[in-house]
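Here the structure comes first, spelled out in structure tokens, and everything after it is commentary.
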There are 2 protein chains.
Amino acid sequence: MRFSEKKTATILRQHGYKFTPQRRVVTQTIASTQDHLTPAAIYEKVHQEHPNIGLVTVYRTLDILAKLGLICELHAGGSCHSYTTSASEHHHHLICSNCGKVVDFSGYDLSELKQRLSLETGFEIEDHLLEFIGLCQACQKEVIR
Amino acid sequence: MRFSEKKTATILRQHGYKFTPQRRVVTQTIASTQDHLTPAAIYEKVHQEHPNIGLVTVYRTLDILAKLGLICELHAGGSCHSYTTSASEHHHHLICSNCGKVVDFSGYDLSELKQRLSLETGFEIEDHLLEFIGLCQACQKEVIR
DNA sequence: TTGTAATTGAAAAATATTATCATTTAATAA
DNA sequence: TTATTAAATGATAATATTTTTCAATTACAA
């Protein structure tokens with residue numbers, strides 16, 4: 001599943017949110033790059049084309065998009081508070097520590113581990129976080145080691 | 001491996017850092033709770049017993065301890081910038097979304113996935129992040145659902 | 001087209017984090 | 001044990017980040 005404006009609009013409206021031009025632009029901006037972006041970076045990009053969109057709106061939009069699963073917040077590599085577009089239904093991320101490029105992957109099943117942990121600890125597991133960090137092919141050549 | 005003051009002192013000194021009373025207190029504070037703590041929470045606890053230890057020292061100490069692997073930074077459950085003691089060599093975390101209790105687990109091998117991802121994407125993988133979030137046994141009874 | 005609740009932008013407030021610097025201190029070697 | 005020295009500390013200030021507030025605007029359902 002690729003990024004789709006119609007999907008974004010539908011999901012927003014389904015949850016009682018309006019599909020405003022600002023939200024469209026923010027979503028589009030995050031979807032149109034391969035790396036992950038911080039709120040400040042998103043604001044900067046957005047602001048270039050749309051100087052009337054404020055930083056506060058970016059923050060508010062990020063909160064909503066993340067809550068609805070339309071974007072993902074990344075953590076590995078020290079880059080907390082950084083967002084990437086949410087392409088497929090359930091997936092995990094592989095992040096380049098040099099250029100920030102994000103590659104999605106899916107098809108890895110953690111349910112066995114989840115079950116083991118439930119049994120061993122008594123926890124009722126709700127969610128998980130799985131990310132890999134490393135050097136993408138392009139950066140392996142560039143980076144001095 | 002449990003928390004040991006001697007180990008903390010040794011590792012700090014091995015890396016050219018001094019083992020100061022402040023660092024001892026911060027490390028001990030993080031080790032003496034089951035949950036994860038934010039810098040502010042750590043400062044608050046530390047400050048009660050040692051009013052002379054400042055917030056800046058707490059921040060500086062957390063950076064060093066994290067870098068040396070003596071404490072772990074947690075991310076799942078919206079609690080970025082939250083720390084827990086680092087018990088065993090390599091392990092992952094299971095976090096209670098209600099009370100913040102952290103349970104370590106190890107013995108789960110991601111190397112097969114790591115290899116698959118390397119092959120598929122060309123990435124040279126450096127590290128990963130794996131955390132589970134859920135309700136611990138005690139909180140399952142308490143929390144209204 | 002209209003009514004209304006949601007959204008926005010701007011400014012201010014609140015939080016969180018980092019830099020600076022004079023003073024103190026841990027750890028090494030004499 | 002003492003002297004030496006580089007590292008660490010605490011206090012303050014500076015910076016960065018995020019949230020609140022509120023009047024004006026706007027999306028969208030009726």
Side-chain angles (χ1 to χ4, degrees), chain A residues 5-30 36-68 70-71 73-75 78-83, chain B residues 5-30 36-68 70-71 73-75 78-83:
Chain A
E5 202 163 294
K6 193 175 275 181
K7 188 186 114 193
T8 306
T10 304
I11 293 184
L12 278 169
R13 294 199 185 104
Q14 274 176 354
H15 291 83
Y17 296 107
K18 292 177 181 174
F19 184 58
T20 65
Q22 292 88 339
R23 287 173 183 170
R24 188 180 51 70
V25 169
V26 168
T27 311
Q28 177 60 55
T29 299
I30 297 169
H36 49 104
L37 300 172
T38 61
I42 293 163
Y43 170 69
E44 205 178 329
K45 282 198 168 216
V46 161
H47 198 76
Q48 278 175 9
E49 298 287 314
H50 306 270
N52 48 321
I53 298 181
L55 178 60
V56 181
T57 296
V58 171
Y59 270 102
R60 284 185 291 223
T61 303
L62 293 176
D63 280 350
I64 293 168
L65 294 177
K67 191 163 66 182
L68 299 182
L70 291 165
I71 57 174
E73 196 178 0
L74 298 181
H75 300 273
S79 70
C80 271
H81 312 288
S82 203
Y83 297 89
Chain B
E5 203 163 291
K6 192 176 274 181
K7 187 188 112 192
T8 306
T10 302
I11 292 184
L12 278 170
R13 293 197 185 107
Q14 273 176 354
H15 291 83
Y17 296 107
K18 294 177 181 175
F19 183 58
T20 65
Q22 291 89 340
R23 287 173 182 171
R24 186 179 52 69
V25 169
V26 169
T27 312
Q28 176 61 54
T29 299
I30 297 169
H36 50 105
L37 301 171
T38 61
I42 293 164
Y43 170 69
E44 205 178 329
K45 283 199 170 216
V46 161
H47 199 76
Q48 278 175 9
E49 298 286 314
H50 306 270
N52 49 320
I53 296 180
L55 178 61
V56 181
T57 296
V58 171
Y59 270 103
R60 283 187 289 224
T61 302
L62 292 177
D63 280 350
I64 293 168
L65 294 177
K67 191 162 67 183
L68 299 182
L70 291 164
I71 59 174
E73 196 178 358
L74 298 182
H75 301 272
S79 70
C80 271
H81 312 289
S82 203
Y83 298 89

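Because the structure is a prediction, the values reported are computed rather than measured. The sequence lines fix the lettering, A, B, ..., with proteins before strands; numbering per chain opens at 1.
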Which side-chain N or O atoms in residues 13-21 of chain B pair as donor and acceptor under 3.5 Å with protein atoms at least two apart or in another chain?
residue : atom : partner : partner atom : Å
B/His15 : ND1  : B/Ile11 : O            : 2.8
B/Tyr17 : OH   : B/Lys67 : NZ           : 3.1
B/Thr20 : OG1  : B/Arg23 : N            : 3.2

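Between A/Lys45 and A/Leu37 there is a side-chain heavy-atom pair separated by less than 4.5 Å.
The side-chain contact (heavy atoms from CB on, under 4.5 Å) check on A/Ala66 picks up A/Ile71, A/Tyr83, with sequence neighbours excluded. Scanning for side-chain contact (heavy atoms from CB on, under 4.5 Å) contacts around A/Thr57 gives A/Gln22, A/Ile53, A/Arg60, A/Thr61, with sequence neighbours left out. The side-chain hydrogen bond (donor to acceptor under 3.5 Å, both in side chains) search around B/Thr8 returns none, not counting sequence neighbours. Remark: A/Tyr43 engages A/His47 in a ring pair (Phe, Tyr, Trp, His ring centres under 6.0 Å) (not counting sequence neighbours). For A/His50, the side-chain hydrogen bond (donor to acceptor under 3.5 Å, both in side chains) criterion is met by no residue, not counting sequence neighbours. Judged as a side-chain hydrogen bond (donor to acceptor under 3.5 Å, both in side chains), and not counting sequence neighbours, B/Tyr59 has no contacts.
A distance of 11.0 Å separates NE2 of B/His36 from CD1 of B/Ile42, quoted to the nearest 0.5 Å. Note that the CG atom of B/Leu12 and the OG1 atom of B/Thr27 stand 6.5 Å from one another [nearest 0.5 Å]. Of the inter-residue distances, the one linking B/Asp63 atom CG with B/Leu68 atom CG reads 10.5 Å to the nearest 0.5 angstrom.
Taking atom CD1 on B/Ile64 and atom P on C/dT18, their separation rounds to 13 Å, with Å as the unit. Between the P atom of C/dA6 and the CZ atom of A/Arg23 lies a distance of 11 Å, rounded to the nearest Å. Remark: P of C/dA10 and NE2 of A/His50 are 15 Å apart, rounded to the nearest angstrom.
Running 5' to 3' along DNA chain D, contacts with non-hydrogen atoms of chain A at under 4.0 Å begin and end at D/dT17 to D/dC28.
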- Query: When every nucleotide of nucleotides 24-30 of chain C is labelled 5' to 3' by its protein contacts under 4.0 Å (heavy atoms), B for base, S for sugar-phosphate only, - for none, what sequence of letters results?
  - Reply: -BBS---

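DNA chain C is contacted by B/Leu55, B/Val56, B/Tyr59, B/Arg60 of residues 51-63 of chain B, taking any non-hydrogen atom closer than 4.0 Å.
End-to-end axis angle for the helix from C/dT1-D/dA30 to C/dA30-D/dT1, using five pairs per end and rounding to 10°, comes out at 50°.
Between B/His81 and A/His81, the ring planes are parallel. Angles under 30° get that label, and only those over 60° would be called perpendicular.
Counting all heavy atoms, side chain and backbone alike, B/Val58 lies closest to B/Pro39 at CG1-O, 3.9 Å.
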